[in-house]
Amino acid sequence: MNDKFYPIAAPILNGNEKKYVMDCLDTTWISSNGKYIQLFEEQFARYCQTKHAIAISNGTTALHAALLAHGVTQDCEVIIPSLTFIATANAVSYCGAKPVFIDCEADTWNINPALIEQKITPRTKGIIVVHLYGHPVDMQPVMELAEKYGLFVIEDAAEAMGAHYRGSKVGSLGHSATFSLFGNKIITTGEGGMVTTNDDSLAEKVRLLRGQGIDPNRKYWHTIVGYNYRMTNIQAAIGLAQLENIDWHVDRRRSVAAQYHQHLKDEERLVLPIEKEWAFNVFWMYSIVLKNGGEQKRDELMLTLRKKGIETRPFFYPMHVLPPYDDLQPPSEFPVSNEIAAQGINLPTHGGLSQEDIAYISSSISEAMDAIHQV
Ligand SMILES: *Cc1c(COP(=O)(O)O)cnc(C)c1O
């Protein structure tokens with residue numbers, strides 16, 4: 001019997017987080033001005049190999065600001081994967097624009113680039129790719145299409161900070177990229193986000209949108225309808241400390257993934273996450289897909305694991321089945337997403353898991369599947 005609880009995610013604050021936050025309190029720089037914001041932005045841009053990084057209130061507002069900066073309005077369509085977290089679709093809706101969904105690949109679970117071109121119309125303005133669960137998207141064909149049709153590409157890198165594609169970091173691959181720094185992401189500021197880009201004018205627009213549209217050179221002169229999407233100095237202080245240790249955070253996740261892989265690789269009832277030869281996967285959530293389970297068996301497996309103290313999550317529901325978006329495209333357009341979403345499970349994935357924890361979780365999965373088979 002094991003009474004321990006294994007959460008799906010847990011932030012690890014083992015660097016200078018406390019020291020920097022105390023500095024904010026001691027100096028009273030607790031609001032959205034202060035040195036940590038600039039330091040965090042500079043170091044984030046350096047890490048992502050981009051010219052600009054703009055700290056923002058969360059990953060959803062990062063997407064909204066990036067879409068507006070790219071000129072998305074209510075007449076536009078924006079192509080996104082169906083299998084993603086709803087924030088990707090919602091940010092398009094906030095602009096009054098229409099999300100157009102694409103099915104995913106069977107192995108990376110990312111947007112299938114081969115299905116994009118047939119969905120491009122005269123109203124298509126751009127594409128948001130999502131590096132799902134930490135595996136980068138195959139960017140080259142996406143960028144080629146974008147070039148051919150004059151579209152923008154935003155990387156939704158909320159789940160993939162530190163991942164690489166053909167040697168380049170995510171965040172530097174599209175025309176802009178967005179990150180989430182929520183408590184369960186690769187690094188965290190509690191709530192928070194970031195927009196990265198190499199484009200000076202785009203960066204300027206995102207800064208303007210973030211800060212109420214205020215003219216940087218003229219107080220209380222607002223040139224556009226902006227938003228209050230600012231990050232606080234306290235959040236940036238935590239973020240800077242997290243970023244100082246990013247290599248450790250990424251290594252730990254990859255080590256957790258390697259151990260799961262070792263335990264589960266001979267399990268014939270499961271599909272395991274992969275790493276393409278051109279990819280460096282950061283394994284935001286180590287995820288498994290039942291081969292012949294169906295949604296009911298998947299849910300049964302999750303319940304059995306929960307009774308053993310192991311928290312798991314189902315894969316995201318594809319966007320095309322969710323109430324705000326279920327009247328846009330028929331489910332038959334998404335055979336791969338439908339199958340994966342119904343049978344996928346995210347396992348506990350964070351740097352605090354020990355070798356024993358991972359062995360216990362892995363053996364519990366096999367035992368639970370045996371039990372379910374006998375039912
Ligand atoms: C977490 C996440 C977001 C949203 O980030 P928040 O900081 O929670 O607003 C957006 N897209 C994806 C793919 C995510 O996983």
Side-chain angles (χ1 to χ4, degrees), residues 8-11 40 44 53-68 78-95 99 101-102 104-105 108-111 126-137 139 142 153-163 170-171 173-174 176-196 206 209-210 227-232 235-236 238-239 242 249 253 273 281-287 313-319 322 324-325 337 340-341 344 346 349-350:
I8 187 108
F40 185 36
F44 203 103
I54 302 122
I56 201 157
S57 52
N58 58 62
T60 311
T61 55
L63 283 165
H64 186 204
L67 286 164
L68 292 173
V78 178
I79 288 174
I80 73 169
S82 183
L83 192 61
T84 182
F85 180 58
I86 196 164
T88 320
N90 283 351
V92 176
S93 299
Y94 298 164
C95 302
F101 307 126
I102 304 282
C104 64
E105 298 178 320
T108 65
W109 309 327
N110 282 327
I111 189 167
I127 303 166
I128 307 178
V129 296
V130 181
H131 306 301
L132 200 75
Y133 300 137
H135 192 290
V137 168
M139 292 300 289
V142 179
V153 176
I154 298 174
E155 299 168 67
D156 180 346
E159 303 175 359
M161 184 167 185
V170 304
L173 306 166
S176 65
T178 64
F179 292 84
S180 168
L181 301 165
F182 183 66
N184 67 6
K185 299 295 163 90
I186 306 291
I187 63 167
T188 185
T189 59
E191 292 275 4
M194 195 70 78
V195 178
T196 55
V206 172
L209 287 158
R210 172 184 69 175
Y227 299 83
N228 177 356
Y229 282 174
R230 295 184 298 260
M231 175 183 277
T232 67
Q235 291 169 308
I238 298 170
Q242 290 266 291
H249 289 284
R253 278 176 188 280
N281 186 346
V282 289
F283 297 98
W284 173 54
M285 295 256 179
Y286 191 88
S287 304
R313 296 262 171 91
F315 272 27
F316 299 123
Y317 287 100
M319 295 304 103
L322 292 175
Y325 301 112
S337 302
I340 288 165
N346 309 133
T349 316
H350 57 84

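Just follow the structure's listing: the first ligand is 1, and inside any ligand the first atom is 1. From a predicted model like this one, the values you see are computed outputs, not experimental measurements.
Listed by atom number, the atoms of ligand 1 under 4.0 Å from Asn58 heavy atoms are 7 (O), 9 (O). Close approach to Ala158 involves these atoms of ligand 1, each under 4.0 Å from a residue heavy atom: 2 (C), 3 (C), 10 (C), 11 (N), 12 (C), 14 (C), 15 (O). Residue Val130 approaches ligand 1 through these ligand atoms, each under 4.0 Å from one of its heavy atoms: 13 (C). The atoms of ligand 1 that sit less than 4.0 Å from any heavy atom of Gly59 are 5 (O), 6 (P), 7 (O), 9 (O).
Counting only heavy atoms of the protein, atom 11 (N) of ligand 1 lies nearest to Asp156 OD2, 2.7 Å. Atom 8 (O) of ligand 1 has as its closest protein heavy atom Ser180 OG, 3.9 Å. Summary of contacts: the protein heavy atom closest to atom 1 (C) of ligand 1 is Lys185 NZ, 1.5 Å. At the shortest separation from atom 15 (O) of ligand 1 among protein heavy atoms lies Glu159 OE2, 2.5 Å. Among all non-hydrogen protein atoms, the one lying nearest atom 4 (C) of ligand 1 is Thr60 OG1, 3.6 Å.
For the pair Tyr227 and His64, the minimum side-chain heavy-atom distance is below 4.5 Å. You'll find the side chain of Val78 reaches within 4.5 Å of the side chain of Leu67, heavy atoms only.
Neither side chain, Glu159 nor His131, offers a donor N or O lying under 3.5 Å from an acceptor on the other. Between the side chains of Asn90 and Tyr325, at least one donor N or O sits under 3.5 Å from an acceptor N or O.
Every residue was checked against the side-chain hydrogen bond (donor to acceptor under 3.5 Å, both in side chains) condition with Tyr133, not counting sequence neighbours, and none meets it. Looking at residues two or more places apart in sequence or on another chain, you find a salt bridge (charged side-chain N to carboxylate O under 4.0 Å, His left out) between Arg210 and Glu41.
In Tyr317, the OH atom is not crowded: 12 or fewer heavy atoms of neighbouring residues, nucleotides or ligands sit closer than 6.0 Å.
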